[in-house]
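All remarks here apply to the structure that follows.
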Protein chains: 2
Amino acid sequence: MSEGVEWAIHSCLNLTWLEPGEAVPAARMAAFYELPPAYLNKQLQALARAGILTSTPGPRGGFRLARRPEDISLMDVVAAIEGPDEAFRCEEILRQGPGEHEGVDYRRRCVVSQAMRRAEMAWRAELAGQTLADIRATVERRNPSAPGETRAWFANLRT
Amino acid sequence: MSEGVEWAIHSCLNLTWLEPGEAVPAARMAAFYELPPAYLNKQLQALARAGILTSTPGPRGGFRLARRPEDISLMDVVAAIEGPDEAFRCEEILRQGPGEHEGVDYRRRCVVSQAMRRAEMAWRAELAGQTLADIRATVERRNPSAPGETRAWFANLRT
DNA sequence: GCTCGGGTACTCGGATACAACTTGTCCGAGTCAAGACGG
DNA sequence: CCGTCTTGACTCGGACAAGTTGTATCCGAGTACCCGAGC
């Protein structure tokens, strides 16, 4: 899995602590974790294309969440970075086998494909069940000062 | 995910239908699905290194299952091909963040990492719960002639 | 007829190229804000 | 003092390289079989 997924989730999480309407440039978000600014910008662009973030150019511009944290699941973020297709893609090699049937869709018929798909669906369901709001709540419960500190860091120039 | 996983699972499944002690060369297994022989050989080598298959060189040699199909899970095959490490690897970017703590293992502490790990564990558990014997039983229930046809194909030179 | 030895063909195994994708970087189009200028 | 225009800096966005992983191939080391010769 791409490393940008980790960056994207943490960046989106930080955005949940900002006041509504406030935008943060990609360079500032990159400085938070000392990441390559241009590359993080690329990932944030993907999130914007997926409708998770909205981007505004120009001074005082940057990225902000496009909808409420309750409506953004980890699955959404992962799909935005990694692409929509599944990790295990059935190439239907049974079609090349000796006992093939012409009009059969082996993506649904093949028992192996079904088993792999079932496992992947369990993974996706687990990710879809966790929203940014859930993550944020857990973090705040463990470290109540996180929201204020994060917001202050993005507001000031402090490292 | 690597495409070799699909090849490996189907090849192992075919091996479950052979009589005990019978070995099949990689070239023959590749011909079954019209796969590149040398590359499939490479995947089978990985399965042999993982202890799933045993290989014997020379005439009448080839690959065969190293243990009973009941004791080989899909997780074993996937891990043999893809490697043992997880898809989402936490790089602990929180360590570079402003509120870091020196001696903390963020792979366990970070809430994001925990959520991703939970999803991946669900995936792995689903794969570990399906053995080659289960797959074989399902296939035989749907198509009772599969064992005989497969065995006959590998025994004869028929396409 | 039986045993033994050499040759041969067959198998895996690792070393070796090629291609695709992830990672990383750069510069241009567009935009907002601030400042200067004129009324 | 107020409104307007110009200038400038700042932002994203896509186009452009480099490195790493997956894909594919080839040839050599080792082995079992087969066949023929000798007893």
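Below, all heavy atoms of this structure are taken into account, side chains as well, without hydrogens, waters or symmetry copies. So that the names make sense, note that chain A is the first sequence line, chain B the second, and so on, each numbered from 1.
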Open item on the list: I'd like to know if the side chain of A:N14 pairs up with that of A:S11 as donor and acceptor (distance under 3.5 Å, no hydrogens or angles considered).
Closed with: no

TODO: Starting at atom CG of B:L44, determine the distance to atom P of C:dT11, rounded to an integer number of angstrom.
DONE: 13 Å

Task: Any side-chain heavy-atom pair of A:P147 and A:E140 under 4.5 Å - done: yes

TODO: Starting at atom CZ of B:F63, determine the distance to atom P of C:dC10, rounded to an integer number of angstrom.
DONE: 17 Å

Task: Outermost nucleotides of DNA chain D that come under 4.0 Å of a non-hydrogen atom of chain A - done: D:dC10 to D:dA15

- [ ] Using atom CG of A:L40 as one end and atom C1' of C:dC26 as the other, report the distance to the nearest whole Å.
- [x] 16 Å

Task: Euclidean distance, atom CD of residue A:Q43 to atom C1' of C:dC21 [Å, nearest integer] - done: 13 Å

Open item on the list: On DNA chain C, compare the nucleotides closest to A:P57 and B:P57; which residue's is nearer the 5' end?
Closed with: B:P57

Open item on the list: By the 4.0 Å heavy-atom rule, please label A:A26 as base, sugar-phosphate, or nothing.
Closed with: sugar-phosphate

- [ ] Could you check how far CZ of B:R49 sits from P of C:dG13, rounded to whole Å?
- [x] 8 Å

Task: Distance, rounded to the nearest Å, where A:E3 contributes CD and C:dC21 contributes C1' - done: 15 Å

TODO: Would you mind reading off the distance between B:E91 atom CD and C:dT23 atom C1', rounded to a whole angstrom?
DONE: 13 Å

Open item on the list: Ring centres under 6.0 Å, that's the criterion: do B:W153 and B:F32 meet it?
Closed with: yes

Open item on the list: Given C:dG24, C:dT31, C:dG13, identify the nucleotide with an atom nearest to the side chain of A:P59.
Closed with: C:dT31

TODO: Answer yes or no: is there a side-chain heavy-atom contact under 4.5 Å between A:L15 and A:L53?
DONE: yes

Open item on the list: Let me check something: do A:M121 and A:W123 share a hydrophobic cluster, defined by ILVMFWY side-chain heavy atoms less than 4.5 Å apart, either directly or through other members?
Closed with: no

- [ ] For atom CZ of B:R142, decide whether the heavy atoms of other residues, nucleotides or ligands shown that lie under 6.0 angstrom number more than 12.
- [x] yes

Open item on the list: Closest approach to the side chain of A:P36, judged atom by atom: which nucleotide of C:dA33, C:dG24, C:dT31 is it?
Closed with: C:dG24

Task: Near-ring test A:W17/A:F154, centroid separation under 6.0 angstrom - done: no

Open item on the list: Rounded to whole Å, please give me the gap between NZ in B:K42 and C1' in C:dA15.
Closed with: 9 Å

